[in-house]
2 protein chains.
Amino acid sequence: MTISTDSKPGDDARGEKENKERVVPTLASIAERVGVSANTVSRALRAPNTVRPELRKRINIAMEELNYVPNRLAGGLSGTRTDIVGVVVTSLYYSEFASIIDTLQSSLLEHDLQVMLANTRYNPDQELKLVRSILSWRPAAVAIIGIDHPPKVVELLKSSGIPIIEMWDTSGPVIDTAIGFDHQAVGAAQARHLIDRGYRTLAFVGSLRENDRRARKRLLGLETEAVKAGITPVITCTEPIGGSPDLGEKLALHVLQTHPGIDAIVCNSDVVAFGVMRGLRNLGRRVPEDVGVIAFGDNEAAACITPPLTTIRPDRERIGRLTADAIVARINGGEPQTTIVDWKLVARESTQREATDEGG
Amino acid sequence: MTISTDSKPGDDARGEKENKERVVPTLASIAERVGVSANTVSRALRAPNTVRPELRKRINIAMEELNYVPNRLAGGLSGTRTDIVGVVVTSLYYSEFASIIDTLQSSLLEHDLQVMLANTRYNPDQELKLVRSILSWRPAAVAIIGIDHPPKVVELLKSSGIPIIEMWDTSGPVIDTAIGFDHQAVGAAQARHLIDRGYRTLAFVGSLRENDRRARKRLLGLETEAVKAGITPVITCTEPIGGSPDLGEKLALHVLQTHPGIDAIVCNSDVVAFGVMRGLRNLGRRVPEDVGVIAFGDNEAAACITPPLTTIRPDRERIGRLTADAIVARINGGEPQTTIVDWKLVARESTQREATDEGG
DNA sequence: TCGCATAAAGTTATCGCTAACGCAACGCTC
DNA sequence: GAGCGTTGCGTTAGCGATAACTTTATGCGA
């Protein structure tokens with residue numbers, strides 16, 4: 001295989017000799033070449049069966065030869081609607097929302113809808129800026145993570161007049177349509193699970209960004225449920241940085257130093273739990289015998305680490321697919337509605353206490 | 001002939017009373033409200049210091065009150081360029097490209113460039129469709145994973161006349177600018193590492209999609225280097241589906257059944273390796289004593305599983321950042337260039353053979 | 001006071017496409 | 001063969017911004 005790296009971007013141009021200045025072809029140039037009006041070319045694209053087959057074929061050939069790519073800025077400006085769907089997520093790290101985006105975008109593709117992505121990184125100012133930016137492209141719809149947005153964001157989204165799908169969280173007032181689940185219930189389930197398994201001294205650990213409202217809801221659920229059982233969990237969190245194994249390890253060391261009696265740790269994410277378990281190992285604490293660990297997210301590695309991690313599995317692909325469905329439905333005049341998507345507590349070894357000294 | 005359109009979208013004028021139908025404000029409506037021409041409002045946005053401060057303030061207030069969001073379809077059509085950057089990736093699962101996208105988009109945001117995302121899922125037909133779709137938005141630049149594209153895609157990208165940044169792979173002819181590394185060298189390094197550690201019977205395992213050219217390059221490097229040492233690796237791959245722990249487990253069982261003598265497994269991705277190690281455990285093979293495992297990707301969990309996984313760590317964030325830099329530079333007239341980004345073989349326990357019976 | 005540079009706004013002409021309408025040419029019915 | 005619906009394509013008028021001018025104040029030196 002010969003690899004030559006000096007490829008001039010432009011010296012291919014086998015058609016137009018004098019292609020010094022690349023001329024991006026327009027509908028009009030296609031029309032001229034074929035000898036019809038621009039509108040006929042437009043029709044050949046949008047409503048092919050209104051154009052004579054023979055003519056249509058000639059038009060298609062011309063478009064192919066000139067490498068015509070329609071200008072959707074013009075199309076969108078002229079027509080009523082674009083085929084953009086704005087997608088706003090709060091994070092792209094790890095697997096948190098990647099697979100939602102994955103299924104969402106591939107489902108939308110079937111309807112010829114194009115994703116415009118924005119990542120707020122849990123920064124509300126950025127969220128406003130990005131939502132504004134996305135709306136300026138006059139998208140057909142917007143899908144956004146969460147239901148807790150700055151007031152201005154809500155105002156903008158509402159006044160845009162397009163379908164707004166809020167994903168991931170459904171516990172609260174919604175702008176239009178929501179698809180997700182109740183995070184407080186997740187926290188409660190985590191607490192219940194640990195208590196049922198005989199754990200008694202709970203800690204919550206992780207990166208709890210101020211604007212990660214979902215994490216706060218889970219924590220609230222955890223506390224509420226624990227208090228019911230007469231337990232007050234220890235909270236150890238960091239604010240600014242995101243979750244990572246290293247953070248988990250650090251927090252595990254810290255929390256067990258300050259509260260040696262802790263026998264169960266709830267992690268804000270699986271990735272943090274990975275580090276927590278490493279930290280526990282370094283401290284000589286056995287999981288699950290000495291300390292139980294439960295997390296949230298069901299990262300792809302959760303079942304592969306030692307011991308396998310008990311965690312919460314949200315059905316991300318379902319959320320992605322249902323969001324795409326909802327977008328299409330709403331665009332076609334369907335009614336707004338809120339859909340709860342199931343999640344599962346996947347009990348693995350990390351919370352499997354051998355002997356339950358006190359029954360749950 | 002006088003054409004009279006009964007449904008004047010302008011007869012709301014300033015009578016906001018009858019606001020049953022939401023009216024999306026335009027530059028003109030702001031202008032009217034303030035009592036200036038549309039162009040002045042436009043200037044207040046684009047070149048604020050050409051507008052009297054007092055007037056500018058009134059314009060800003062009006063925009064705020066009406067929740068004005070500029071229509072960039074119009075702006076892009078009229079102006080020379082949009083602030084869209086098309087980003088084309090081959091996968092969104094797991095951590096493969098998520099963090100590239102993450103850094104890329106947040107770096108671009110600093111320059112007010114907006115990401116439009118497309119995911120080809122390793123499907124060349126989809127790649128063509130998506131590239132066409134992205135180009136139809138007249139982006140300022142396109143960043144795309146890989147350097148091996150269908151000819152038509154290359155043709156379209158070249159004839160678009162905008163900067164094209166190819167990411168992740170640099171081993172071959174490039175359209176314009178590339179930022180990545182040589183995957184064949186990665187494969188060679190994997191082989192050398194295993195051989196140096198005393199492993200002698202190598203297997204390559206994973207999902208090897210036909211259009212994942214990078215994986216094939218790594219495999220080629222692996223084979224070439226192994227053959228130099230008189231070793232012929234066993235290849236066991238699946239085509240259609242993507243990599244996952246379950247796949248890894250299945251393949252590990254299979255490969256050790258058919259080739260019991262294997263003492264080292266190279267995995268196409270960390271996620272596959274997670275499953276491979278689980279499979280080995282189930283078979284009673286110790287890692288790294290009986291079988292060494294090396295992978296590619298440096299997933300966030302790689303250092304947390306047991307034993308910690310030896311793997312290749314590409315500098316994704318650097319690639320993301322450099323890609324953003326390159327885009328900005330190229331837009332501002334900089335020259336195309338190819339940049340090699342370092343990767344690292346992170347040696348952990350999964351290839352740490354206690355006794356090296358034969359020196360490397 | 002005139003002349004001229006400068007500042008601050010208004011005018012006009014696109015950008016490339018689509019929607020709505022216009023209008024031949026044709027086929028069908030009675 | 002008059003009437004009328006179809007088919008197939010052309011014409012015209014925007015969509016909402018920006019760029020390039022033009023026009024109208026304003027300041028300032030000679």
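Proteins get letters first, then strands, A, B, ... in listed order; numbering begins at 1 in each. The figures here come from the full heavy-atom set of this structure, side chains too, leaving out hydrogens, waters and symmetry mates.
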Side-chain donor/acceptor of A/Ser78 to backbone N/O of A/Ala74, under 3.5 Å: no

Between the first and last five pairs of the helix from C/dT1-D/dA30 to C/dC30-D/dG1, the angle of the axes, rounded to 10 degrees: 40°

Near-strand residues of residues 131-139 of chain A, defined as heavy-atom separation under 4.0 angstrom from DNA chain D: none

Whole-Å gap separating P (D/dG14) and CG (A/Leu73): 22 Å

Residues, nucleotides or ligands: over 12 heavy atoms within 6.0 Å of A/Arg318 CZ: no

Nucleotide nearest B/Asn71 when distance is taken to its side chain, options D/dT18, C/dT18, D/dA17: D/dA17

Listed nucleotide nearest any side-chain atom of A/Ser42, set C/dT18, D/dA17, C/dG16: C/dT18

Between P of D/dA17 and CZ of A/Arg72, the distance in whole Å: 21 Å

Any B/Arg81 side-chain N or O less than 4.0 Å from OP1/OP2 of D/dT18: no

Between P of D/dT11 and CG of A/Leu27, the distance in whole Å: 15 Å

Short side-chain N/O contact to D/dA17 OP1/OP2 from B/Tyr68, under 4.0 Å: yes

Euclidean distance, atom CG of residue A/Leu45 to atom C1' of C/dA19 [Å, nearest integer]: 16 Å

Side-chain H-bond candidate by donor/acceptor type, A/Ser133 with B/Gln114, under 3.5 Å: yes

Atom pairs under 3.5 Å: protein N/O with N/O of nucleotides 8-10 of chain C:
residue : atom : partner : partner atom : Å
C/dA9   : OP1  : B/Arg52 : NE           : 2.8
C/dA9   : OP1  : B/Arg52 : NH2          : 2.6
C/dA9   : OP2  : B/Arg52 : N            : 2.8
C/dG10  : OP1  : B/Ser37 : N            : 3.2
C/dG10  : OP2  : B/Ser37 : N            : 2.7
C/dG10  : OP2  : B/Ser37 : OG           : 2.8
C/dG10  : OP2  : B/Thr40 : OG1          : 2.4
C/dG10  : N7   : B/Arg43 : NH2          : 2.9
C/dG10  : O6   : B/Arg43 : NH1          : 3.2

